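Accompanying notes for the structure given below.
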Amino acid sequence: MTELPGVADAEGWRRLHPLSPLLRGGLAMLVVGGIIVANFRDRLLEFFFANQLRDSGDLEGFVSEQDMFDFLEKQGLLIAALGAAIVVILLIVLFSWVAWRFHTYRISDEAVEARSGVVFRNHRRAPLERIQSVNLQRPLLARVLGLTKIEVLTAGQGGKVELAYLGHRDAKTVREQILQRAALKRDGVAPLNAQAVQVPPVVGYDGYVYGAASDNLTERAQTFADSDVDPEAFAANTLVRVPVGRLIGSIALGWEAVIAVAIVVAIVVLGATLELAILVGIIPMVIVVFGIVFSQFNKGFNFTLSRSSDAVRTGAGLTATATETIPFGRIHAIEARQPLLWRPAKWWKVRITLAGHSVAQGGQNATQNVVLPVGFEDDVLRVIDTLLPGVGDDAVEIEALREALTGSGRGYLGAGPRAGWVLWWGRKRAGMRVDGLETGDNLGNSTLRIRRGALTRSLSIMPIVRSQSIQLRRPLVHRMLGLASVQAHTVLGPVRMEMRGLALKDASVAFDFLAETVLRVQGAEAAERAERKQGVRFEQSVQPTQELQAAQDAPLANTPHPNEENGDPQ
C-alpha cells in the first residue's frame, strides 16, 4: 500500500515530473529553433554581423561559401555565439522550470484538479461523481523517458483534466487513487483511508509480473514493456486479446484499405489507357494507404480488454500506448459491426459510446471508441458481458445475443412492408427489441437492441437507464411510404440507436412503449441507488473498515440478471 507520489503542500497540491515541460513543448521549441537556425543562418549572420561582413568586402554570399564556425572563428565571435546559445538554452530551462513550479495537481474528496500558467492562470476541475474514464497515454518519447500522461474524462464536451507527465509507476498509482475515490463518491461513502492504494505491478505482454528493479536502466526497460494489465486477469484467463495476424488481416479487408486499393487500381488503369502522367497520382495514394494501415496497426497492436472489480480496462499500442479505464455504469451504448469482407472469417468489431468525448472524438473513426478491433463471435459475447455486467452472463442470454448477431432476428420488431425503399437490402435484417423487463428483477439490466445493415451488419445495445430521450421522426421519404423512424438518444458517440423503416402504426406503439419503459427503469434505478446509499451509510457506522471496503468493491459486479422476456412493443 502506498500514498500518492511527491510531497503535497498545505492545501494538498503536488507537482508533476520535472521533465514534464520538455514533453509539453520545450523539446518542440528546441527543434523549431534548430530548424530556423539551420535554414536562415545566412540571414541571421548578415543581420547581426553586417559590419564585419561589409569590412571583409564580401557581404553577398560570404557565409554560403564558408562554414559558419570558420567564419565566426575568423571574426573572433565564436565564443560570443556559443555564449549566446548557452544563454538561450538557460532561458528555456528557466522558463520550463517556472512552468513546472506553477503546474500542480491534487486529488481531493470531491474532485481531481490541475492548475497551470504563470501570467494566465488555468484551473481545471473534474468532479469525482462525473468522471467517465481515466486514461494513461504514453507517446514514444514519453515511454523512453519512463513518463506517462493521465487523462481524466468527465461528462460534457471538453470535460477533461490532464496530468502531463508523471513517472509511469506514479501515474498508475494516481489512476488507482482517482478510481478508488470516484467509486466511493459514486456509492455515497466517506473516503476512509482513501490515501492508501495498492501499487499496480509492472506486467509484461506475456503476463509475467516484474519484481523490484535493481537499477534505473532495468526499471526503465520494465516500464517501457509494461502492458498495464491486472495480473489476476492473466491468471484467470479472462483477457480478450487480438493476435497480430488477425489484426493485419482485418486491416487489409477493412473498407478503408479496400477503397484505397480500388482507387490505386483505377489510377493505374486510367494511366495505362489514357495518359501516363496520371500514374503520378499513385504516389500520394500509396502514402495514404500506408498511413491508414500503419495507424490502425499501431493503435490496435497488442490489444487487451480485462475487467477488474469495479472497472473495465482496454489497452493497445505499438510505438505509443494508450490505456483506458472505464468504471462500470459509464458506458452508454455498444455496437458490434461486421463488414462484408469480414463475414467469411466471422470477424466482428466492437465500439462504444462514452460520455466525455469531444465532437471529433465521438465520430465514426475515433480509435478510442473501439473496445475490440477484431474478434470472433465468442469474443464479442465476452466483451458485452465485460462492458455490461448482467447482460450476456447466462446461457439463455448468450443464445439470445448469438441470435441477434447472426440469426434471423426472431422476436424483433421488423421493418415495414415498404421499407425496402429506404433500407434497401438491409430490410430483412432490421429489427428492434427490448430485453430484461421481467417484473421483480433488476430493471437496470434492461436494454434496447437494434439490428441493421446489409453490407455492414451491426447489433447496437443500449442500457435503457442511459436513454436521454425518445424521438419519432418521419423524414420526407418515410412519410411518402407510410413509415417512421424511432430513435433513443444518448450522449454523443459513434453508436446510433435508431430503427428506420418502421410501419407508422408500429413506430407509434414502439415510441409510447419506450417512453414509458425509460421512465419506469430510470425511476427504479434512482430508488435502488438511494436505498443502496442509505444502506451503505448505515453499514459504515456499525461495521469495521475491512467489511466496509468489501461492500464497496462489489456494488455492480455481482448483480443478478433477470430471465429473458420479450419486451417487444408489438
Side-chain angles (χ1 to χ4, degrees), residues 131-135 153 155 179 182-183 186 229-230 233 236 238-242 300 303-316 322-338 348-357 361-362 366-394 397-398 400-402 404-405 435-436 442 444-450 458-467 488 490-497 521 525 554-562:
I131 290 178
Q132 303 298 308
S133 66
V134 183
N135 308 330
L153 295 181
L179 292 172
R186 187 169 59 249
V229 175
D230 190 341
T238 59
L239 281 176
V240 177
R241 310 190 71 171
V242 176
F303 173 87
T304 58
L305 182 144
S306 60
R307 179 171 64 187
S308 62
S309 60
D310 57 0
V312 176
R313 181 174 301 169
T314 64
T323 303
E324 187 169 13
T325 304
I326 308 169
F328 290 139
R330 298 305 190 186
I331 296 172
H332 290 252
I334 301 176
E335 181 184 48
R337 297 170 59 85
Q338 186 182 58
W348 291 82
K349 175 181 181 179
V350 181
R351 57 186 185 178
I352 63 174
T353 287
L354 180 70
H357 288 168
Q361 291 173 330
T367 56
Q368 59 266 50
N369 291 107
V370 176
V371 293
L372 180 64
V374 56
F376 295 106
E377 185 177 283
D378 289 340
D379 296 324
V380 174
L381 297 176
R382 292 173 63 189
V383 168
I384 294 175
D385 178 40
T386 298
L387 298 177
L388 298 178
V391 177
D393 58 354
D394 59 35
E397 179 65 17
I398 289 174
L401 289 173
R402 291 187 187 276
L405 287 170
D435 271 302
N442 187 359
N445 292 334
S446 59
T447 57
L448 170 64
R449 306 179 183 188
I450 297 178
S458 69
L459 171 65
S460 302
I461 303 176
M462 182 194 72
I464 295 292
V465 72
R466 292 300 168 192
S467 176
T490 183
V491 298
L492 179 67
V495 183
R496 185 177 179 87
M497 299 300 301
V521 171
E525 195 269 345
L556 293 176
N558 298 315
T559 52
H561 178 65

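Note that this is a predicted model, so its numbers are computed, not measured. Along the sequence shown, residues carry numbers from 1. Because only heavy atoms are used, hydrogens play no part in the values below, and waters and symmetry mates are left out as well, while side chains stay in.
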Do [X] and [Y] have side chains that approach each other closer than 4.5 Å (heavy atoms only, starting at C-beta)?
| X | Y | value |
| --- | --- | --- |
| Ile326 | Ile352 | yes |
| Ile334 | Arg449 | no |
| Ser133 | Leu354 | yes |
| His332 | Gln132 | yes |
| Leu401 | Val380 | no |

How long is the span from the [atom1] atom in [X] to the [atom2] atom in [Y], to the nearest 0.5 Å?
| X | Y | atom1 | atom2 | value |
| --- | --- | --- | --- | --- |
| Ile461 | Ile331 | CD1 | CD1 | 11.5 Å |
| Gln338 | Leu459 | CD | CG | 11.5 Å |
| Asn445 | Ile464 | CG | CD1 | 11.5 Å |
| Arg496 | Thr490 | CZ | OG1 | 12.5 Å |
| Glu377 | Ile398 | CD | CD1 | 10.5 Å |
| Lys349 | Ser458 | NZ | OG | 12.5 Å |

Between [X] and [Y], what is the shortest heavy-atom contact and its length?
| X | Y | value |
| --- | --- | --- |
| Gly436 | Ser446 | O-CB, 3.3 Å |
| Phe303 | Ala316 | CA-CB, 3.9 Å |
| Leu179 | Thr325 | CD1-CG2, 3.4 Å |

Whether Thr353 side chain and Val495 backbone form a donor-acceptor pair below 3.5 Å: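 Here the side-chain-to-backbone pair exists.
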Is a donor on one side and an acceptor on the other found under 3.5 Å between the side chain of Arg307 and the backbone of Asp385?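 Side chain of Arg307 to backbone of Asp385, a donor-acceptor pair under 3.5 Å: yes, one is there.
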Please assess Arg313 against Thr323 for the test side chain to side chain contact (heavy atoms under 4.5 Å, CB included), listing each intermediate value before the final yes or no. CA-CA 7 Å; Arg313 181 174 301 169; Thr323 303; 3.6 Å; yes
Suppose we screen for salt bridge (charged side-chain N to carboxylate O under 4.0 Å, His left out). Which residues come up paired with Arg330, at least two apart in sequence or across chains? none
Identify which one of Leu448, Ile450, Leu388, Thr447 satisfies the side-chain contact (heavy atoms from CB on, under 4.5 Å) criterion when paired with Met462. Leu448
For Asp379, enumerate each residue passing the side chain to side chain contact (heavy atoms under 4.5 Å, CB included) test, keeping only those at least two apart in sequence or located in another chain. Val240, Arg246, Leu372, Phe376, Arg382
